[in-house]
Amino acid sequence: MYQRISNFLIEHAQTIFGEQISPSLIQLSPTKKEQTGDITLVVFPFVKILKTSPVDAGQKIGDALSNEFREIASFEVINGFLNLILSDDYWMNELNRISTAQHFGKAVSNSKPTVMVEYSSPNTNKPLHLGHLRNIFLGHSVSRILEFAGHEVIKTQVINDRGIHICKSMLAWEKFSPLNSSGERETPQNTGLKGDKLVGKYYVEFDKQLNAEVKNIIGNWENGQFEHDHQEIKLKFLELSNAKIDKDEKVLSAIDDKIKDLAKSQSTLMREAKEMLLRWEARDPQTYLLWTTMNGWVYEGFDRTYQRMGVEFDKLYYESDTFLLGKDQVLKGLNSGIFFKKDDGSVWIDLTDEGLDEKLVLRSDGTAVYMTQDIGTAIERFEDFSNLSGIVYTVGNEQDYHFKVLFLILEKLGFSWAQNCYHLSYGMVDLPSGKMKSREGTVVDADDLMQEVVEKATEMTKERGHLDGLDEEEKLNLYEQIGLGGLKYYLIKVDPKKRMLFNPEESIELNGNTGPFLQYTHARICSLLKKAEPNRQNVQFGEVNLLDEEKEVVKNLIQFPLMVQEAAASYSPALLANYTYELVKSFNHFYQAVKILSEENVKTKEMRLVLAETVGGVLKDALYLMGINAPTRM
RNA sequence: GGUCCCGUAGCUCAGCUGGAUAGAGCAACUGCCUUCUAAGCAGUAGGUCUUUGGUUCGAAUCCAAACGGGAUCACCA
């Protein structure tokens, strides 16, 4: 309707306004709730053209529109706004159109370009945490939204399965794992621990042991004892220590950190970890076996976590396969003059013209850095999938700079698809106590959180007691859906790019703007429809008068396809979440205000049932797009 | 210091391609279950939209500066 009005005004501009008008002058929007009307046109832009008062201008446009469109029953001009009132007929036709659609708002599958969505991308040295949850739910939801909007979507993740951090866990396990009676070190099998948890435990253990050693080393240094009488280290230490004199706290702690780094570099543990990394890179069989084994434990653990989350991937990339990629590209770029070489042999790109800095793309020893790898991986992906048009990277905003540079480099290397690559950047998740810090043990574990949320859902659902006739398995399934639905919605409803606060109590709340509230409404509708299926034959769409409550719901329903498009275009499930909440609120308002089953007028009753059914369908799809299940009872 | 992001009710967030009296939820207070699931609905209260300038018919929204918070600027990933 908006489109039709807009088109009409443009096409007949000459007769209405006496001149051609720019489409940007036409501002159509839903009328504010406080005002009567359905569609509002802002009249101000036309006042100058028509050289009359806002009232006369509005009157003139209103006349023209209501003559043209029989759907416009009447109109009002108030304060420079033209409020169009649409006929019941129009709303009934819209309801009819929406209710008979298969998946209203869903574009034809694969009618839009293929995109790859990357999310999760964990390290294999520790379990997933709250930050990953935001990342994963966000990326997963965006995948579904893009798919619904017509794209073919390939869901992927890069698993950071190599590097010094992995070696730390491996080394700690080798050194510090106790032996059991059969002489075995700890494994998921003999401890019952989830694989990623076990490996994470040894990562923490490494840190603990390292800190102890570091403390020891610094103690020795302070007493003037330097291993092998190492002069260089001694000088550095003394220099740093002297720098501490007369400094304030902030500078002091920065210097202390530097001293710690110095001590770490001299520690046995760090040295051993680095040696292990070298052995790994040399493909030492024993190291490789250990690495494969421990990563295997982690994958098993991750699989269980992903499964509970209800997310999946189509294609996995492993850093151990890709970390050598990109070097050729850099050398090619070097030849074509995009990169340049410094005296020490390191390769850089100069981005100062773009307002950025110089950026390293290859170390002086010829080895790859993160950037090198990402260049290679991106190119490989486009080779793997010949119909790929772009990549969406779901990665935290601390890497904004990295991706800015990455996309620029890819563009300079001549890959036209670089402009279809998008960094879906999201803000950090803070706790009421402040930032999550692994060092301070304030990290919220993903499995623990999911468990907690499901337990809470269980407790509160039992309290409500609407579950007669469900068997035990169905009940457990339901608790799971409610708990996770709440958690997902909580993390998704906030604008992705904004930093957000995670309040544990609010995340398991069932009332208000929450996942369970949306699910509850769905369950309610299902329960209603179980008692009376709408019989479409009885609905004569021309003969029913609509109440405001009903019209409001239809208005919201109409918006759904538009919201999906917007959410897809801006990669923002939050838009969809807010929309869904509005839809559900208007439905509940309607549900509470009118009778349905006991309505005596058959036509009205059937219309209301159709309305409820339609909301149920759209709601189910909307929840699906957020990765949330829609229970039929709760 | 350079670059980028953010600042809206006590708290958590919408609104930001300029438009009517700035909205929700939570927390507080009042009502509504012999009637379709009260995980609901209706209502009361709560605001110098960080500040100051500018752009114009009109600014929470656009521009500039200041203040406050965060991120990033590694031969780390």
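We name chains A, B, ... by the order of the sequence lines, and we start the count at 1 in each one. Values below: all heavy atoms of this structure, side chains included; hydrogens, waters and symmetry mates excluded. Please read these numbers as outputs of a predicted model, since none were measured by experiment.
- A salt bridge between A:Glu606 and A:Lys603 is absent, with no side-chain N of the basic residue lying under 4.0 Å from a carboxylate O of the acidic one.
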**OP:** Determine which bases of RNA chain B form Watson-Crick or G-U wobble pairs with both distances under 3.5 Å, and write the result as a 5' to 3' dot-bracket string with | for other-strand partners.
**Re:** (((((((..((((.....[...)))).(((((.......))))).....(((((..]....))))))))))))....
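- Residue A:Arg524 places at least one side-chain N or O closer than 4.0 Å to OP1 or OP2 of B:A38.
- Base orientation of B:C4: anti, since the glycosidic angle falls outside 90° of 0.
- The aromatic rings of A:Phe46 and A:Phe17 sit parallel to each other, their planes meeting at less than 30°, with 60° as the upper class boundary.
- Stacking between A:Phe81 and B:G19 is absent: the aromatic ring centre is not both under 5.5 angstrom from the base six-membered ring centre and within 30 degrees in plane angle.
- Residue-to-nucleotide contacts include no donor-acceptor pair under 3.5 Å from the side chain of A:Thr514 to the base of B:A39.
- Taking the six-membered ring where the residue is Trp, A:Tyr393 and A:Phe403 present tilted rings, their angle falling between 30° and 60°.
- Counting any heavy atom pair closer than 4.0 Å across all strands shown, A:Glu34 reaches no nucleic acid atom.
- The pair A:Glu275-A:Arg271 counts as a salt bridge, with a side-chain nitrogen and a carboxylate oxygen less than 4.0 angstrom apart.
- Both geometric conditions, a ring-centre gap below 5.5 Å and a plane tilt below 30°, are fulfilled for A:Phe44 over the base of B:G19.
- A:Asp357 comes within contact range of the sugar-phosphate backbone alone, with a heavy-atom separation under 4.0 Å but no base atom that close.
- Residue A:Asn397 places no side-chain N or O under 4.0 Å from the OP1 or OP2 atom of B:G70.
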